[in-house]
Structures are given as C-alpha cells and as structure tokens.
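For clarity, every value in this text was computed on a predicted model and none was experimentally measured.
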Amino acid sequence: MRLITLALAALLLLIQYPLWLGKGGWLAVADLESQLAGSRARTEQLKARNAKLDSEVRDLKDGTEAVEERARYELGMIKQNEIFVQVLRKDEKPAVMMTPPPPPREPKNAKGGKAQKPPED
C-alpha cells in the first residue's frame, strides 16, 4: 500500500510540473500578462503623442496662428509697427532678435537734412 501511495504522489508531482513551470504554465502566463500590460501602456503613450503631433501638423497646414506663434517664440520675430517688450529675470539673458530694428525716425524739423536756425537780431 505504501508503494502505491508513493507512486501516486510522484505522478501527481509530474502532472503539476507542466502546470506551474511548463511552456503554458501559470508562471509563463503571468509573465506574458505583465509584458502585455507594459506594451499597452506604451501604446497609449504613443497614441497620445501621435494625436498631439497630428493636431500640430493640422494647425501648421491650415491656420496661421501656429506659424506666427512659432515665429514669435522660437525665432524672436515681431510684426511691423509692433513694440517688443522683454521682461527678464535676474539670471536670464536677453533673446536674440531675428528681425532687424526699424530705422530711426527723422526729427520733424529736419526736412532738407539740416535743422534751421532761428534768425538772429
């Protein structure tokens, strides 16, 4: 009787081995499920990034606001007759302007190039 009990216990262990450690066992399935969860999370991140890029491409193709915003912030450009005011922190350096400054205005009384003197008495 003891021999039969040992044989049945050995068979039970042999049957359990593939269930736990085999190719389709519970440990392999748990590992694959964790990999799947990681892949799904990465896919969601990439979908969000793609949607953002798609929106940006549509804005650049259709509207002028996105192009103007990029020109202002990345290239430092301003519109004609617009005043540029830059507020800096103590440790910040001024931005480099890509647009040339407007030419200086001529004085109102300088029509012929020389200022007129008042007549002497």
Requested in this report: Any chance you could measure Glu44, atom CD, to Arg49, atom CZ, to the nearest 0.5 Å?
Outcome: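 Rounded to the nearest 0.5 Å, the CD-CZ separation comes to 14.0 Å.
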
Query raised in the report: For the side chain of Gln35 and the backbone of Leu32, is there at least one donor-acceptor N/O pair under 3.5 Å apart?
Result: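 Here the side-chain-to-backbone pair does not exist.
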
Report task. Find the distance between CG (Leu3) and CG (Leu8) and round it off to the nearest 0.5 Å. Result -> 9.5 Å

**Report entry** Spatial distance of atom NZ (Lys52) from atom CG (Asn50) [nearest 0.5 Å]
**Finding:** 12.0 Å

Query raised in the report: ring-ring contact (aromatic ring centres under 6.0 Å, His included): which pairs involve residues 37-68, sequence neighbours left out?
Result: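 Of all non-adjacent pairs touching residues 37-68, none passes ring-ring contact (aromatic ring centres under 6.0 Å, His included).
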
Requested in this report: Decide if atom CD1 of Ile4 counts as having more than 12 heavy atoms of other residues, nucleotides or ligands within a radius under 6.0 Å.
Outcome: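 At most 12 heavy atoms, drawn from other residues, nucleotides or ligands, come within 6.0 Å of this atom.
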
Query raised in the report: Distance from Ser39 atom OG to Leu36 atom CG, nearest 0.5 Å?
Result: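 So the OG of Ser39 and the CG of Leu36 are separated by 6.5 Å.
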
Query - All pairs passing ring-ring contact (aromatic ring centres under 6.0 Å, His included) where residues 24-70 contributes a residue, at least two apart - result: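 Qualifying pairs: Trp20-Trp26.
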
Query raised in the report: When you measure from the side chain of Ser55 to the backbone N and O of Ala51, does any donor-acceptor pair fall under 3.5 Å?
Result: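 Checked: no pair found.
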
